[in-house]
Amino acid sequence: MTAPGRLRRRTLLRAAAAGAAAATAGCAGGGRGVQVAVVWSGGELAPFRAVVARYGSPVHVVSAGNDIDAFLRARQLAGTSPDVAILPRPGLVTEYARRGWLSPLTPAPGHGVPDGLAALLDSGGRRYGVWVKAAHKSLFWHLPSALPQPPATWDDLVALTRRLAARARRDGGPAPLAIGAADGWVLTDWFENVLADVAPDGYDALAGPDADWAGRPVRDTLDRLAEIWSVDGAFPGGGRRALLTQYEESIIQVVHTRRAVMAFEGDFADSVVRRFRRGPEEPAAFRFPGSRPGDGPLIVGGDAAVAFAGSRAGVDFVRWLTGADAFAPWLRAGGYLSDTVVPLDRYADPVRRRLAREMRTAGTLRFDLSDRLPGPFTGSDGVGIWRIMQDFFADVTGGVRASEAVRRATRQLAAAARNAGGGR
């Protein structure tokens, strides 16, 4: 059996075991309570358990792991769907709604999100999911002592990368950039930020059924990525080593081992920063730079709660989650960011407070593109847009001419889009 096959089999077995365990836990508690499946683990799972502990009925939380889609399909097939799931991709919400798996939802009064985000969870004119957590995905992390003056524009970032790479080759200092290219979603996050800057009008079009993945916006975006990724010495150990580096390690290379000056990733990187930083210096973050100073892209991700069909308890619980005070324990603990109108003074974490303010004042806020793509094109380990971006990264860091690397990547993207019914 292939590795992906083994992974899916483990997911199915875990789903069956989790269903039995949740049922047993419900009986032991004198009532079934509410069963909630989440992708979160570790540093995110513990504060969520503190959130649900304040609910009026027992809540049994099951961590489904990264492949929550396979987990939930197995539970649906077995007739043991949870009452609620918290999903990381809006495409899963609309797909499950079309299949008749979900109940329509009405959030609590006062629950609001930025224009355009709520509609991503609609199907057939009805709301089937509500946003409960956000991710700011347009950040670079660094130590102020290593980078006193962050770049203001994309051209500044490229020039800085070249300058630091030359210094690293000459003197053996840190590389300019750390990148977790072993995780394909890190590369798609780069792609989306650059795309939103070079072709803002084309960004949302690529999520539609007539998307042109071989068109000018995609080519221009890949050209810009090749410009920076192909810099000799840009990454610790070079491109081959970067393709074996996972996201967490890339952050560690900046804040602990000091092998790199900067690492790009979302606000959730600060959980790694807090755990592995060395010494008293507080790492800082700056916005992904765009073509003009102060006008960089702002990409967000998010987790949406859904209630499965036939579960009144699930519908009630999701409505409770959208109340203004539901996530208060997580807000106090830090590490939580909301795309709803949570008062800024409720953020105990000053970094999150600043990021929440940015998300509310940004002129144009766009949702993570790869999370909106259909079927396998959306990406996972070794498939879809994740794998295509890894192939492109390998090309441009391995000496392939940018024009040839772009040609290969657009051909792969167009074919994957056609196969998934997501464009051409």
> Quick one: do R387 and D391 make a salt bridge, cutoff under 4.0 Å?
Replying inline: yes

>> Give me the atom names and distance for the closest heavy-atom approach of F377 to A420.
In response: CB-CB, 3.7 Å

> Is the backbone of V272 close enough, under 3.5 Å, to the side chain of E248 for a donor and an acceptor to pair up by distance?
Replying inline: no

> In Å, rounded to the nearest 0.5 Å, how long is the span from CZ of R287 to CG of L298?
Replying inline: 4.5 Å

Could you list the donor-acceptor pairs under 3.5 angstrom formed between side-chain atoms of residues 175-190 and any protein atom two or more places apart in sequence or on another chain?
| unit_1 | atom_1 | unit_2 | atom_2 | d |
| --- | --- | --- | --- | --- |
| D183 | OD2 | Y247 | N | 2.8 |
| T188 | OG1 | W185 | O | 2.9 |
| D189 | OD1 | K137 | NZ | 3.2 |
| D189 | OD2 | K137 | NZ | 3.4 |

>> I want to check something: taking the side chain as every heavy atom from C-beta on, are F235 and L243 in contact at a cut-off of under 4.5 Å?
In response: no

>> Distance check, rounded to the nearest 0.5 Å: R219 atom CZ versus D212 atom CG?
In response: 8.0 Å

>> Are the side chains of Q76 and R99 in contact, using a 4.5 Å heavy-atom criterion?
In response: no

> Which atom names give the shortest non-hydrogen contact between N193 and S138, and what distance separates them?
Replying inline: OD1-OG, 2.6 Å

>> As an exercise, state the distance from CZ of F317 to OG of S57, rounded to the nearest 0.5 Å.
In response: 10.0 Å

> Between R366 (side chain) and P200 (backbone), is there a donor-acceptor pair under 3.5 Å?
Replying inline: yes

> What are the two closest non-hydrogen atoms of L413 and I385, and how far apart are they?
Replying inline: CD2-CG1, 3.8 Å

> Are any of the side-chain heavy atoms of L102 and F308 separated by less than 4.5 Å?
Replying inline: yes

> Is there a donor in the side chain of S291 and an acceptor in the side chain of R224, or the other way round, less than 3.5 Å apart?
Replying inline: yes

>> Just by distance, no angles: are the side chains of T80 and R75 close enough, under 3.5 Å, to form a donor-acceptor pair?
In response: yes

>> With heavy-atom distances below 4.5 Å as the criterion, would you say the side chains of V351 and D267 are in contact?
In response: no

> So, E404 and R407, do they make that salt bridge, N to O below 4.0 Å?
Replying inline: yes

> Would you find a donor on one side and an acceptor on the other, under 3.5 Å apart, between the side chain of S271 and the backbone of F268?
Replying inline: yes

>> Would you say CZ of R240 has more than 12 non-hydrogen atoms from neighbouring residues, nucleotides or ligands within 6.0 angstrom?
In response: no

> Can you check side-chain contact (heavy atoms from CB on, under 4.5 Å) on W101 and R73, steps first, answer last?
Replying inline: CA-CA 10 Å; W101 294 1; R73 289 175 189 274; 4.0 Å; yes

> Given the rule in the side-chain contact (heavy atoms from CB on, under 4.5 Å) test, do F367 and D204 qualify, once you have shown the distances and angles that lead to the verdict?
Replying inline: CA-CA 9 Å; F367 195 86; D204 290 323; over 6 Å; no

> Looking at Y128 versus Y96, is the centre-to-centre ring distance below 6.0 Å?
Replying inline: no

> Quick one: are V194 and F288 in side-chain contact, heavy atoms under 4.5 Å?
Replying inline: yes

>> Do P217 and Y203 make a side-chain contact, defined as non-hydrogen atoms from C-beta onward lying under 4.5 Å apart?
In response: no

> When rounded to the nearest 0.5 angstrom, what is the spacing between CG in L92 and CG in L72?
Replying inline: 8.0 Å

> Can you list the steps and then say if T245 with Q253 is a side-chain contact (heavy atoms from CB on, under 4.5 Å)?
Replying inline: CA-CA 10 Å; T245 300; Q253 287 175 342; 4.2 Å; yes

>> Can you classify the ring geometry of W40 versus F48 as parallel (below 30°), tilted (30 to 60°) or perpendicular (above 60°)?
In response: perpendicular

>> Return the CD1 to CG distance between I228 and L157, rounded to the nearest 0.5 Å.
In response: 4.0 Å

>> How close do P374 and G421 get, counting heavy atoms only, and between which atoms?
In response: CG-C, 4.3 Å

> Can you check whether A324's main-chain N or O pairs, donor with acceptor, with R346's side chain at less than 3.5 Å?
Replying inline: yes

> If you round to the nearest 0.5 Å, how far is CZ of R216 from OG1 of T221?
Replying inline: 10.5 Å

>> Just to verify, which of R352, R275, R277 counts as forming a side-chain hydrogen bond (donor to acceptor under 3.5 Å, both in side chains) with D270?
In response: R352

> Between L321 and F327, what is the shortest heavy-atom contact and its length?
Replying inline: O-CE1, 3.5 Å

>> Do V34 and Y55 have side chains that approach each other closer than 4.5 Å (heavy atoms only, starting at C-beta)?
In response: yes

>> The test is side-chain contact (heavy atoms from CB on, under 4.5 Å); show your working for M359 and L365 and say whether it passes.
In response: CA-CA 7 Å; M359 291 170 61; L365 178 146; 4.1 Å; yes

> What pair of heavy atoms forms the shortest contact from A417 to W213, and how long is it?
Replying inline: CB-CD1, 3.5 Å

> So do the side chains of T322 and L105 get within less than 4.5 Å of each other, counting heavy atoms only?
Replying inline: no

>> With salt bridge (charged side-chain N to carboxylate O under 4.0 Å, His left out) as the criterion, how do R259 and E249 come out once you've worked through the C-alpha distance, each side chain's angles and the decisive distance to 0.1 Å?
In response: CA-CA 11 Å; R259 297 188 63 211; E249 184 185 348; 5.2 Å; no

>> I'd like to know whether CZ of R54 has more than 12 heavy-atom contacts from other residues, nucleotides or ligands below 6.0 angstrom.
In response: yes

